[in-house]
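Both ligands and their constituent atoms are indexed starting at 1 by order of listing. These numbers come from the heavy atoms of this one structure, side chains and all, not from hydrogens, waters or symmetry mates.
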Amino acid sequence: MKLLLDCDTGVDDAVAIAYALASPEAEVLGIGSVHGNVEADTAAENTLKVLGLVGRTDVPVAVGAERPLLRPLDLAKLVHGEDGLGNTNLPPSGLSPSGEHAADQIVRLARELPGEVTLVCTAPLTNVAIALMKEPRLPSLVREVVLMGGTAVEPGNVGPVAEANVYHDPEAASLVFAAPWRIRMAGLDVTMRTLLREHHLERLSAADTPLTDCLVSVLAHYFEFYTGSLGHRACAMHDSVAVGLALGTVEVLESHLLPVYVCTSDGPALGQTVVDRRPLANRSFSAPGAHTEVMFRIGGEEFLNHLVRRLCELVV
Ligand code: RIB
Ligand code: CA
């Protein structure tokens, strides 16, 4: 499985990247960075830190869009820490990004490997939207897009009905959902039920590898943030779900092929993924052009156990 990741590396992105690198099913072709949790260049440096930690300095990292297409920059440092890695202030990676723009990296790899690249997006969709504008044939060149973003029924996490990755660049997300490619959407409906708990952290601690030791310290701040909002001790492993879906390691219990639109109007619904569920309620209502498989239920507990096992087993 040839994966091209696009991340705003942040805490759960860092876990997702490590998980992809720990997975024998995955060939990670490259990783793009984008604004979102932190600035695009900080996200790239955080990605390089993860790559350095697991000895995968062969994977190219491309810095992407520094801000949304139309809107001002809005970061999520409260959730992920000032450095994006839980205020751990890890030493500099000593590594450099490739110099290619992340959108160009998407276009280049899709052209070089037509029909083979799975684009896994765990961040605002600005790079992907720019890539679509640069190469209108992109939807036919990419195998599929698997993204962490949006929500169908679950409340939003940055607004009443908006999920952060879509909210941080709704115009980009609107372009991506409208393009004629196969999309699989892991939104808050499934990621807010895929919660890492203390017993998972204990297993990571007990593994005592350079990667697990680092992840345990990186996760601490994020875990406390989520504990405050959830009211019990846990944190959401949003981005790993998208990687697991791409790899086929997440069991899909309920999903539906539905039209998805993005609200780009200012106001309380800004950034909402409007998922047209009418075909589910009324069998005679067809939804022409539906091309997004929206996840409603997955085997979250089994996936978390598998995720933790993989992370523990990755010894450099
Ligand atoms: O809403 C969750 C998403 O927003 C995750 O991708 C997290 O890393 C943040 O980017
Ligand atoms: Ca992310």
Side-chain angles (χ1 to χ4, degrees), residues 3-20 31-40 42-47 49-50 61 64-65 67-68 73-86 102 119-128 145-170 172-173 176 184-196 215 218-219 221-223 225-226 229-230 234-246 262 270-273 294-295 300 307:
L3 304 186
L4 175 53
L5 307 183
D6 203 69
C7 307
D8 55 344
T9 316
V11 174
D12 61 323
D13 303 78
V15 175
I17 291 168
Y19 170 54
I31 306 177
S33 81
V34 67
H35 69 90
N37 292 327
V38 287
E39 304 83 355
T42 307
E45 169 62 6
N46 290 346
T47 301
K49 286 176 180 169
V50 177
V61 174
R67 55 181 175 273
L73 184 63
D74 179 16
L75 305 174
K77 295 190 173 187
L78 188 67
V79 184
H80 295 265
E82 280 300 309
D83 62 352
L85 294 177
L119 201 48
V120 182
C121 307
T122 66
L125 293 160
T126 319
N127 291 336
V128 187
V145 177
V146 183
L147 60 87
M148 188 286 130
T151 179
V153 180
E154 179 79 11
N157 61 357
V158 284
V161 286
E163 181 281 330
N165 288 340
V166 174
Y167 181 84
H168 280 140
D169 196 344
V176 170
R184 283 193 287 160
M185 170 179 144
L188 298 176
D189 306 284
V190 289
T191 67
M192 284 306 291
R193 287 173 177 71
T194 309
L195 300 179
L196 200 76
L215 290 181
V218 163
L219 277 159
H221 170 91
Y222 182 80
F223 194 90
F225 174 87
Y226 268 92
S229 61
L230 291 169
C235 63
M237 283 294 91
H238 302 287
D239 293 343
S240 295
V241 175
V243 174
L245 263 185
V262 177
L270 178 64
Q272 179 181 18
T273 40
V294 181
M295 302 300 137
L307 169 69

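- Counting heavy atoms from C-beta on, the side chains of L119 and V146 never come closer than 4.5 Å.
- Listed by number with element, the atoms of ligand 1 under 4.0 Å from a non-hydrogen atom of M148 are 2 (C), 3 (C), 5 (C), 6 (O).
- The protein heavy-atom contact nearest to atom 9 (C) of ligand 1 is N37 OD1, 3.2 Å.
- To the nearest 0.5 angstrom, L75 atom CG is 7.0 Å from H168 atom NE2.
- The backbone N or O of A40 lies less than 3.5 Å from a partner atom in the side chain of S33, making a donor-acceptor pair.
- Near D13, meaning under 4.0 Å from one of its heavy atoms, ligand 1 places the atoms 8 (O).
- By the 4.5 Å heavy-atom criterion applied to side chains, E163 and V166 are counted as neighbours.
- In this structure, D189 contributes its side chain and V153 its backbone to a donor-acceptor pair below 3.5 Å.
- Less than 4.0 angstrom separates some heavy atom of A164 from each of these atoms of ligand 1: 1 (O), 4 (O).
- In N157, the part holding a heavy atom less than 4.0 Å from any atom of ligand 1 is the side chain.
- Applying the 4.0 Å criterion to heavy atoms of T122 picks out, from ligand 1, the atoms 6 (O).
- We find that R67 and E39 are not joined by a salt bridge, their nearest charged nitrogen and carboxylate oxygen being 4.0 Å or further apart.
- The nearest protein atom to atom 4 (O) of ligand 1, hydrogens excluded, is given as N165 OD1, 3.3 Å; this is a heavy-atom distance.
- Between V15 and M237 the shortest side-chain heavy-atom distance falls below 4.5 Å.
- Close approach of ligand 1 to E163 (heavy-atom distance below 4.0 Å) involves ligand atoms 1 (O), 2 (C), 3 (C), 4 (O).
- Set against the non-hydrogen atoms of D8, the atoms of ligand 1 under 4.0 Å away are 10 (O).
- H35 and T126 form a side-chain donor-acceptor contact under 3.5 Å, judged by distance and modelled atom types alone.
- No side-chain donor-acceptor contact under 3.5 Å links T42 to the backbone of V38.
- When heavy-atom distances to ligand 1 are checked against a 4.0 Å cut-off, V11 has no atom that comes that close, whether in backbone or side chain.
- Contact annotation for D12 and ligand 1: only side-chain heavy atoms (C-beta onward) come within less than 4.0 Å of the ligand.
- Using a 4.5 Å heavy-atom threshold, the side chains of V79 and Y226 count as touching.
- Nearest protein heavy-atom contact of atom 5 (C) of ligand 1 is D239 OD1, 3.2 Å.
- Note on ligand 1: H80 sits in its first shell, one or more heavy atoms being nearer than 4.0 Å.
- For the pair R184 (side chain) and L245 (backbone), a donor-acceptor distance under 3.5 Å is present.
- Of all protein N/O/S atoms, those lying under 3.0 Å from the Ca ion (ligand 2) come to 5.
- Judged by distance alone, the side chain of D6 and the main-chain N or O of V34 form no donor-acceptor pair under 3.5 Å.
- Side-chain atoms of N37 and D13 form a donor-acceptor pair, as typed in the model, at a separation below 3.5 Å.
- Heavy atoms of V79 found under 4.0 angstrom from ligand 1: none, in either backbone or side chain.
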